[in-house]
Amino acid sequence: MLIGQLSFFFILLAILWKVNRLHPIENIACFMLVSGINLDVMGVASVNFKMISFLKTPDIFWFMVVNITLIVPLLNVIAMQFYFATSSILKKALVLLCATLIMLANDYLGQALGAYQFIGWRFSNSFVEAVCLLVAAIGVKHFTALLISKGEQST
Amino acid sequence: MIYTLPKQFDANEWYCLGAILILLILCFLLPRYLSSVMVFLVMLFHSWMARTVDNILATDYPFNFYDTMDTTSYDLFDFIIWTINYPLFGYLFINFYDKWKEKGFRTVSYILVWSVASLLLEWGSVLVGVFQYNNWSLRLSFISYLLIFTLSLTVYWLFRKLLKTNRLR
């Protein structure tokens, strides 16, 4: 399962390489922020609220680490490439909807594979989390672009 | 409250708040040598790294090397340390490296000095109960700091190169 997850990660990296249109620093900032938020959310949900139960095996542990810190942030970064590729509000909304659905599918796939079990965690929790991660990614992209342009202007 | 509140607001919480105060004073009083975007990136990187490392090493499975603050769950002060303390400390580390632009052996010395300083701070943290070691020791912390600061400098150089060679699209 871990090997499959890592393979998926490298496939996503290849996709990002192909579709990339943002500044690499914007991509890295999006990645780090989304990864951090996702870690906090999943940690609080599983440890503090016991809404998600993980199977305690080394394979599953690393599967979760890769999923939370690498896969989900990378999905967000790829979504940002498409989001900022268009100025049409409708197309942007469509990108966000597709990205949300893909992240939801990722959540439920993990459960289907037996990596974890949703105890009190609901579809609505996954949906809200996915939307919040996308909004955070959009926000940090704009903020980073602003800082980079200030730096470029001063040089 | 999504984060667990401290069982008792005592020495370890005051230590964290005192550290934040000192770090903020240092950050605002000392000159800044980094650009705004680099400050943001460096702080974001250290926040991300702290979260990732603590979530791997300090959760109850599989390693559980140490616990932080009052509980084994996600404490409010865990969030504060990850979001404020570590980023500010990382900023100071990179800021003065950028000023002195150490090369070669001086870089090694710089990493060593900061690792020793971090170790002393961690020793104080352990004494007041910020960290509780399970299967961990200060020796392991020292090795970790050497790796973390080396990684930090590597990432800083990567950020510098990316900012220099790419323009906004």
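By convention in this document, chain letters (A, B, ...) are assigned in the order of the sequence lines, proteins followed by strands, and residues within each chain are numbered from 1.
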Any chance CZ of F118(A) has more than 12 other-residue heavy atoms, nucleotides or ligands included, within less than 6.0 Å?
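For F118(A), atom CZ is crowded (more than 12 foreign heavy atoms under 6.0 Å).
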Counting only heavy atoms closer than 4.5 Å, note whether [X] contacts chain B via side chain, backbone, both or neither.
X      : value
I28(A) : side chain
F84(A) : neither
V65(A) : side chain
F49(A) : side chain
N38(A) : neither

Using a 4.5 angstrom heavy-atom cutoff, name the option from V44(A), T144(A), V140(A) with the most pairs to chain B.
V44(A)
Flag the one option from A45(A), P58(A), S149(A) with the top tally of heavy-atom pairs under 4.5 Å to chain B.
P58(A)
Given S126(A), which of D107(A), N106(A), V131(A), T100(A) fulfils the side-chain contact (heavy atoms from CB on, under 4.5 Å) condition?
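In the set D107(A), N106(A), V131(A), T100(A), the residue that makes a side-chain contact (heavy atoms from CB on, under 4.5 Å) with S126(A) is D107(A).
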Most contact-rich option vs chain A, by heavy-atom pairs under 4.5 angstrom, among I56(B), T83(B), L163(B), D78(B), is I56(B)
Count the heavy-atom pairs under 4.5 Å between each of T71(B), L41(B), T59(B), T72(B) and chain A, then report the option with the highest count.
L41(B)
With respect to Y97(B), which candidate in W114(B), Y110(B), Y33(B) satisfies the ring pair (Phe, Tyr, Trp, His ring centres under 6.0 Å) definition?
Y110(B)
Can F9(B) and F77(B) be said to form a ring pair (Phe, Tyr, Trp, His ring centres under 6.0 Å), step by step?
CA-CA 10 Å; F9(B) 202 98; F77(B) 273 79; 5.7 Å; yes
